[in-house]
Amino acid sequence: MIQAMQVSDLFEVACLEQACFASCWSEEQFRYELEENPFSHLYVMRLEGKIVGYIVYWITFETAQLCKIAVAAAHRRQGIAQSLMNLLLDASMRAQCEFITLEVRVSNHAAIALYERFGFERVGTRKAYYQDNGEDAYVYACSIGGITQ
C-alpha cells in the first residue's frame, strides 16, 4: 500500500536509504523535504506494516524531478518500483507537467532499465556527480506525452 510519508516514517526510511545507496540522504534531509520543501512529495510503500520502498519527487512549474526511489533488496522485482513510478507519472500528469527529469548512476543498470521501460531517454551526463566515488550520472528526461506505463 502506498501512503504519504509521515514524520514517524523517517527513521525507517533513512535506514532503507542507507541499505540501498552508497551516497545517501540523512534522516534530517528527508525531514526537510517532508516539512519544509513546498515542492517536495514523499511516499512510502508498505507491505505487512513495513516500509519496503519510497519515492521522493519535486513538482516545480512544468517539470517534475525524481529525487529518490528505493526498494528494499528482498522486495525487488515485485513491481514496487513500477508502482512508485506510476504514482510519480500520475501526479505529474495531474499537475500538468511537461517533463520529468532524473539523474542516475551510470553503473545502476537496473534503474536505467526501469526508466527506459517508462520511456525516459538519456539527455546528458553530469561528470563526477556522486560525491562518494566521483561516478558520473546520466541525466534522463521524458515528456509526459511520451510516457509508457
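Of the listed residues (R126, K127, R105), just one forms a side chain to side chain donor-acceptor pair (under 3.5 Å) with E135, and that residue is R105.
Cluster annotation: F120 is connected to L114 through the hydrophobic network of ILVMFWY side chains, with a link wherever side-chain heavy atoms come within less than 4.5 Å. L16 and F30 fall within a single hydrophobic cluster, where Ile, Leu, Val, Met, Phe, Trp and Tyr side chains are chained together by heavy-atom contacts under 4.5 Å. Under a hydrophobic clustering in which Ile, Leu, Val, Met, Phe, Trp and Tyr are joined whenever their side-chain heavy atoms come within less than 4.5 Å, directly or via other members, I69 and M45 fall into the same cluster. A single hydrophobic cluster is not seen to contain both V13 and Y43; linkage of ILVMFWY side chains at heavy-atom distances under 4.5 Å, directly or through other members, places them apart. Tracing side-chain contacts under 4.5 Å through hydrophobic residues (I, L, V, M, F, W, Y), one reaches L87 starting from V52; they form part of the same cluster.
Counting only distance, with no hydrogens or angles, the side chain of Q6 and the backbone of A4 share a donor-acceptor pair below 3.5 Å. Between the side chain of E27 and the backbone N or O of A14, no donor-acceptor pair lies under 3.5 Å.
Here the OH atom belonging to Y54 is positioned 5.5 Å from the SG atom belonging to C20, to the nearest 0.5 angstrom. Note that CD1 of I51 and CZ of R46 are 4.5 Å apart. Values are rounded to the nearest 0.5 Å. Atom CG of L89 sits about 7.5 Å away from atom SG of C142, to the nearest 0.5 Å.
Nearest heavy-atom pair across E35 and V7 is OE2-CG2, 3.3 Å. Across C24 and K68, no two heavy atoms sit closer than the pair CA-NZ, 4.3 Å. When all heavy atoms of D132 and S23 are compared, the closest pair comes out as OD1-CB, 3.6 Å. For the residue pair L47 and H75, the shortest heavy atom distance occurs at CD1-ND1, 3.8 Å. Across Q3 and M1, no two heavy atoms sit closer than the pair NE2-SD, 3.2 Å. Between M5 and L10 the shortest heavy-atom distance is SD-CD2, 4.0 Å.
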Test side chain to side chain contact (heavy atoms under 4.5 Å, CB included) applied to R122 and Y115, step by step:
CA-CA 10 Å; R122 187 171 8 147; Y115 303 141; over 6 Å; no
Could you walk me through whether L84 and I2 pass the side chain to side chain contact (heavy atoms under 4.5 Å, CB included) check?
CA-CA 8 Å; L84 293 167; I2 297 176; 4.1 Å; yes
Step-by-step side chain to side chain contact (heavy atoms under 4.5 Å, CB included) determination, I144 to I100:
CA-CA 7 Å; I144 297 297; I100 302 172; 3.7 Å; yes
Go through it in stages, so that I can follow the logic: the residues are S40 and V56, the test is side chain to side chain contact (heavy atoms under 4.5 Å, CB included), and I'd like the CA-CA distance, side-chain angles, deciding distance and then a yes or no.
CA-CA 7 Å; S40 194; V56 179; 3.8 Å; yes
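Looking at E116 and Y140, their side chains do bring a donor and an acceptor atom within 3.5 Å of each other. Donor-acceptor pairing under 3.5 Å is recorded for the side chains of T101 and Q65. Side-chain contact of W25 with E33: a donor-acceptor pair under 3.5 Å is absent, judged by distance alone.
Salt bridge D9/R31: absent, no basic N to carboxylate O contact under 4.0 Å.
Between C97 and E62 there is no side-chain heavy-atom pair separated by less than 4.5 Å. Between L66 and L88 the shortest side-chain heavy-atom distance falls below 4.5 Å.
The 12-atom threshold is not exceeded at CD of Q96, counting heavy atoms of other residues, nucleotides or ligands nearer than 6.0 Å.
Using bins of under 30°, 30° to 60° and over 60° for the plane-to-plane angle, the ring pair Y57/H41 lands in the parallel bin.
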